[in-house]
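Encoded as structure tokens, the structure appears first; notes follow it.
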Amino acid sequence: MRGQQEAIDWRNSRVVAAAKLHRGAARKKAGRFLAEGANSVGAALDTGRVRELFYSAEGATREHELIAGAAAAGVRTTLVTDRAAQALGETVTPPGLVAVCDLVDVPLDRILPAKPGAEMPRILAVPVGMADPGNAGTLIRVVDAVGADAVVLAGDSVDPHNGKCVRSCAGSLFHVPIVRERETDTVLDRIEAAGIATVATAADGELDLEDAGDLFTGPVAWLFGNEAHGLDPAVARRARHRVRIPIRGRAESLNIAAAAAICLYANSRVRHAARSQT
């Protein structure tokens with residue numbers, strides 16, 4: 001970070017190009033996306049995905065060490081005007097810290113290698129047709145928190161590089177392998193071929209979550225449905241097990257993010273308890 005760097009404004013070509021990354025088509029074409037705020041930017045820097053870091057004078061005051069560390073690591077750091085910071089940010093009060101990053105999604109083969117004998121994941125989260133970026137970000141954060149192995153966004157799911165999703169992840173987007181695969185059947189075929197048990201949540205499931213400990217000692221792929229319509233019946237029929245979450249109060253149901261958090265934590269608790277005994 002240069003001490004006397006002059007701030008560039010919103011009309012600068014690099015700011016204009018970066019601001020276009022708010023749109024999905026531009027992200028896909030450039031292979032880049034924006035991470036906004038200290039949590040996301042810090043995690044992106046830790047994983048070496050930042051290509052340029054834009055910051056405002058106010059952002060520099062709050063996050064001087066982070067910006068200086070980025071510059072010391074060879075990342076291009078650029079001071080921008082407040083108006084340029086507003087163009088780059090998506091929040092009502094921009095944090096004045098936005099990084100241009102390489103996309104994070106990986107191919108399905110990285111998670112489910114085709115060769116026999118390869119190490120397979122023990123806990124997968126497979127949201128199918130998840131549309132809300134906030135819920136997707138929360139799910140990715142939960143997967144990171146419980147130590148699950150990956151998220152596979154199947155079907156017509158939200159772009160994990162969407163700004164709201166990135167902010168909801170609070171940095172976890174850079175910690176967890178994320179796959180996007182539009183063909184849901186391809187995902188299910190690969191999971192089944194790998195010998196991983198597919199599990200769907202259902203109010204009338206044959207297995208209570210509290211009695212599913214034996215199931216959780218093996219590899220599990222959790223299938224979560226769309227927020228509005230739930231899991232597609234055709235996908236639900238392919239699940240090897242259907243698990244119900246006991247509701248002891250008067251709530252009719254749980255939203256997708258809450259249900260996922262409960263199930264993934266229960267699965268993780270059994271998995272890590274078993275590991276500690278070996």
Side-chain angles (χ1 to χ4, degrees), residues 1-106 131-138 140-141 144 153 157-176 178 180:
M1 184 171 59
R2 295 184 293 273
Q4 300 300 320
Q5 186 176 171
E6 182 179 351
I8 63 175
D9 70 15
W10 62 275
R11 292 165 295 190
N12 178 275
S13 60
R14 298 206 317 277
V15 173
V16 171
K20 288 180 179 178
L21 299 177
H22 291 310
R23 303 195 299 268
R27 291 194 294 267
K28 183 177 180 180
K29 181 179 180 179
R32 304 276 171 83
F33 74 108
L34 299 180
E36 180 180 4
N39 285 342
S40 295
V41 171
L45 287 167
D46 287 343
T47 56
R49 290 189 175 273
V50 178
R51 293 295 155 257
E52 182 166 10
L53 178 59
F54 294 100
Y55 63 95
S56 66
E58 186 176 351
T61 299
R62 288 195 303 264
E63 303 297 340
H64 174 78
E65 290 187 9
L66 188 152
I67 297 166
V75 173
R76 184 177 196 173
T77 57
T78 303
L79 176 65
V80 298
T81 63
D82 289 342
R83 185 170 181 183
Q86 290 176 342
L88 291 167
E90 288 187 308
T91 54
V92 175
T93 305
L97 194 69
V98 177
V100 177
C101 306
D102 293 329
L103 300 182
V104 301
D105 53 324
V106 300
D132 183 84
N135 279 337
T138 299
I140 292 167
R141 194 172 178 180
D144 185 18
L153 292 161
S157 290
V158 66
D159 179 359
H161 307 100
N162 171 288
K164 185 177 179 180
C165 181
V166 176
R167 292 191 298 275
S168 297
C169 288
S172 290
L173 186 74
F174 300 96
H175 302 157
V176 177
I178 298 172
R180 285 191 289 174

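The figures that follow rest on heavy atoms only: side chains count, while hydrogens, waters and symmetry mates do not.
Asp144 approaches Ser172 most closely through the heavy-atom pair OD2-OG, 2.6 Å. The shortest heavy-atom contact between Ser56 and Ala85 is CB-CB, 4.1 Å. Between Gly89 and His22, the shortest heavy-atom distance links the atoms O-NE2, 4.0 Å. Here the shortest heavy-atom pairing between Ala70 and Leu45 reads CB-CD2, 3.7 Å. Taking all atoms of both residues into account, the shortest heavy-atom contact from Val41 to Ala35 is CG2-O, 3.5 Å. The two residues Gly171 and Ala43 come nearest to each other via the heavy atoms O-CB, 3.5 Å.
With rounding to the nearest 0.5 angstrom, the CD1 atom of Ile178 is 7.0 Å from the SG atom of Cys165. From Thr138, atom OG1 reaches atom CG of Asp132 across 8.0 Å, with rounding to the nearest 0.5 Å. Taking CG of Leu88 as the start and CD of Glu36 as the end, the distance is 9.0 Å to the nearest 0.5 Å. Note that the NE2 atom of His161 and the CG atom of Leu173 stand 6.0 Å from one another [nearest 0.5 Å]. Atoms CD and CZ, on Glu58 and Arg62 in that order, are 4.5 Å from each other to the nearest 0.5 Å. Atom OH of Tyr55 and atom CG of Leu97 lie 10.5 Å apart (nearest 0.5 Å).
A 4.5 Å side-chain heavy-atom check between Ile8 and Leu79 finds every atom pair outside the cut-off. At a threshold of 4.5 Å between non-hydrogen side-chain atoms, the residues Val166 and Leu34 do not count as touching. At a threshold of 4.5 Å between non-hydrogen side-chain atoms, the residues Phe174 and Cys169 do not count as touching.
Ion pairing of Arg49 with Asp102 is absent here, as no side-chain N (NZ or NE/NH1/NH2) approaches a carboxylate O to less than 4.0 Å. Using a 4.0 Å cut-off between charged nitrogen and carboxylate oxygen, Arg180 and Asp159 count as a salt-bridge pair. Salt bridge absent: Glu90 and Lys164 never bring a charged side-chain N and a carboxylate O closer than 4.0 Å.
For Ala131, the side chain to side chain contact (heavy atoms under 4.5 Å, CB included) criterion is met by Asn226, Glu227, not counting sequence neighbours. Among residues two or more places apart in sequence or in another chain, the side chain to side chain contact (heavy atoms under 4.5 Å, CB included) test is passed with Thr81 by Ala7, Asp9, Arg83, Ala84.
Not a single donor-acceptor pair under 3.5 Å links the side chain of Arg51 to the backbone N or O of Val100. At distances below 3.5 Å, not a single donor-acceptor pair connects side-chain atoms of Ser40 with backbone N or O atoms of Gly37. For Arg32 (side chain) and Ala18 (main-chain N/O), no donor-acceptor pair under 3.5 Å exists by modelled atom type.
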